[in-house]
Number of protein chains: 2
Amino acid sequence: MLTERQLLILKAIIDDYITHAEPVGSRSVSKREDIDYSPATIRNEMSDLEELGFLEKPHSSAGRIPSQKGYRYYVDHLLSPKELTSREISDIKSVFRERFSEIEEVIQQSAKILSNLTSYTSIVLGPEVFESTLKQIQIVPISQNSAVAIIVTDTGHVENQTVSLPNGLDVNELEKVVNILNDKLKGVPLVHLRNKLTSEIGRVLEKYIDQYDSVMTLLNQTFLSQQNEKVFFSGKTNILAQPEFNDVERVKRLFNIFEEDALISKLIRSEGKGMTIKIGQENRFEPFDDCTLITATYSVDGKHMGTFGILGPTRMEYPRVIGIMDYLSKDLSKLLTNRYQK
Amino acid sequence: MLTERQLLILKAIIDDYITHAEPVGSRSVSKREDIDYSPATIRNEMSDLEELGFLEKPHSSAGRIPSQKGYRYYVDHLLSPKELTSREISDIKSVFRERFSEIEEVIQQSAKILSNLTSYTSIVLGPEVFESTLKQIQIVPISQNSAVAIIVTDTGHVENQTVSLPNGLDVNELEKVVNILNDKLKGVPLVHLRNKLTSEIGRVLEKYIDQYDSVMTLLNQTFLSQQNEKVFFSGKTNILAQPEFNDVERVKRLFNIFEEDALISKLIRSEGKGMTIKIGQENRFEPFDDCTLITATYSVDGKHMGTFGILGPTRMEYPRVIGIMDYLSKDLSKLLTNRYQK
DNA sequence: ATTTAGCACTCGTTGATGAAGAGTGCTAAC
DNA sequence: GTTAGCACTCTTCATCAACGAGTGCTAAAT
């Protein structure tokens, strides 16, 4: 295990590197107020810490920088989340005080404030629809042969989809269908809609509806509904201010990834509740090898709803960011619960 | 006016610079097959063209590059749109052959194909809602005190908005309101909804509805509907492949602008129909001083619906891009008209 | 009157060289 | 166990010269 002094020095180095982004030398460590050893002593300890894998050298005559293992240790044992300043708290509050017309808007605003406060890039996944249940379904004919199908969930989420209408379908017939659907499907989780359609509703419709086959095709179209969550970014360019991204090639690679919503969604989606911190290669995704991704979740009424994350360099202001993420996670959940609880 | 030979040389230089992105020297011009003069002659002409403002020199011992005026002349007089290759046409066709569930999806796909074909960044404005008319309005209660208001337009566009319900509003009452609205407002252009509400509907509601005041507040909320068009990007990073963006500062500035949807929307929105080409400072927007923005429009049934654009360096492959934009504009309009005509 | 060959000149690019500075690692002294 | 001292390493930065691409001008050729 590490000695008390090693811990002190490791923390000092990481803190310093996090703020200055430059390799830390023995002299500057020994000059810190809380450290009372000569550069030579520090050098010896640094050498040991390097051997243990917590530090590394960019080249032989530079100072040390934290290794991935170093950051991991720092996050797990050394750091304590920083309390938010009253300014930060009031920033968050003031954003949430605005009126929002849609749940997605709240999500987007959260992403924005997160990126503003942290100066990194924030990524927020829209509410995961599949846990919500059907509130109402509506089919509005638009033209001779097309209609818009609208699905409203209990969380106020609205999905809509243009579908093509079977030739010569009677409007009254359509209305009957919609009524039956609303009757039978209210309260059913969205994921089960298709199952339910084939297993139960099919038989009922058969009895009442003339154009059974074409209506079923129509409904299948409707419920094929793409389950893809929306991905919201904010502060994409924030991360460019970090010196580690002073290279166009790097920027290009990163921004290319930003355009792949499905990929991002998969990377961000956290396994469970609470906060996840993935440092460098822990992301198991090569372009993020020198990024840290911190994710947290938000919920409504204790029910998991979605995930939001912060992407920055591994050299991230962990204490502050973790503090903010924690606060925002709770605050956002509170806001949403207030709004959408049953 | 320019002599025949000057035109030939100007075109040669611009063509060369567009493809190679490097100042063009007299020797390389004179080596072209269609030009049969010695470097010295070319040099004299180049000197004249520079004096006339069509060319400029990065520094005294480099070749010439086109000036903004040069590009403008090229676009107006020298260039002929390039026919699409059969490969390009089939690419477009194959994308449009897919099934789309929403009009927005078609728009997004168009943006994607546009950026893919051109290797620049494409920007597409979603359909301009305010010209469409109301097809149906729906208010679905979600919880004790909130509901989702849904507006469907004749073009199949769906807008939804969470509104807070007045305390103790009766569900039947609400239904009555919705029925009246649908009765009175069907076919009214979205822009006029609010007017109509205060001018006519108010009086009608007063007669039938108990909680007149609170219902009016609710409806006002609903129709406050943000008219902001959606902005879709595709291939944001394409433009980074251009050598003129080999500088992180530049990239940062550009991508910052990309995050400002409202700004982009204002820049892109074209004044009228047809194609607009804005070269460099013609954009009247400093960060675009060395970009060219080409916009075209799409329509349904001849009615203007929206705008799409391509952003690239002033050194843009004009003939090809113009050809593609023209084709896509027509094809997209045809597709949408097929789908949403009355 | 054009066109072109020839040549001096300009200016950015590249690569080599060396001094400066930051930091290490080792040894020996405290 | 701690620290002072010092040689050594490696990057950074500025300087300098050689190189080459390209121009502009003059004078000769067509």
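We name chains A, B, ... by the order of the sequence lines, and we start the count at 1 in each one.
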*Could you walk me through whether Met275(B) and Ile322(B) pass the side-chain contact (heavy atoms from CB on, under 4.5 Å) check?*
CA-CA 8 Å; Met275(B) 204 176 301; Ile322(B) 290 172; 3.9 Å; yes

*How does protein contact run along nucleotides 11-30 of chain C, one letter per nucleotide 5' to 3', with B for base contact, S for sugar-phosphate only, - for none, heavy atoms under 4.0 Å?*
BS---------BSBBB----

Rounded to whole Å, how long is the line connecting atom [atom1] of [X] with atom [atom2] of [N]?
X	N	atom1	atom2	value
Ile42(B)	dT3(C)	CD1	P	10 Å
Glu45(B)	dT2(C)	CD	C1'	11 Å
Arg5(B)	dA1(C)	CZ	C1'	12 Å
Ile65(A)	dC10(D)	CD1	C1'	15 Å
Glu22(B)	dG20(D)	CD	C1'	14 Å

*Assess whether atom CG of Asp76(B) is packed by more than 12 heavy atoms of other residues, nucleotides or ligands within 6.0 Å.*
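It does: Asp76(B) CG has more than 12 such atoms within range.
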
_Over all atoms of both residues, closest heavy-atom pair of Ala12(A) and Val29(A)_ =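 Looking at all heavy atoms of both residues, the shortest contact is CB-CG1, 4.4 Å.
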
*Closest heavy-atom contact between Lys112(A) and Ser122(A)?*
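That closest heavy-atom pairing would be N-OG, 4.4 Å.
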
*Given dT2(D), is OP1 or OP2 found less than 4.0 Å from the side-chain N or O atoms of Thr41(A)?*
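Answer is no, no contact under 4.0 Å.
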
*Looking at Ile18(B), Thr118(B), Ile294(B), which one forms a side chain to side chain contact (heavy atoms under 4.5 Å, CB included) with Met316(B)?*
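Among the candidates, only Ile294(B) passes.
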
*To the nearest 10°, let me know how far the axis at one end of the helix from dA1(C)-dT30(D) to dC30(C)-dG1(D) is tilted from the axis at the other, five pairs an end.*
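The end axes of the helix from dA1(C)-dT30(D) to dC30(C)-dG1(D) are about 20° apart, to the nearest 10°.
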
*Roughly how far, to the nearest 0.5 Å, is the CG atom of Leu254(A) from the CG atom of Leu311(A)?*
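One finds 6.5 Å between CG of Leu311(A) and CG of Leu254(A).
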
*Could you give the distance from OH (Tyr74(B)) to CZ (Arg72(B)), rounded to the nearest 0.5 Å?*
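It comes to 13.0 Å.
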
*Between Phe258(B) and Phe255(B), how do the two ring planes meet: parallel, tilted or perpendicular, split at 30° and 60°?*
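Tilted.
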
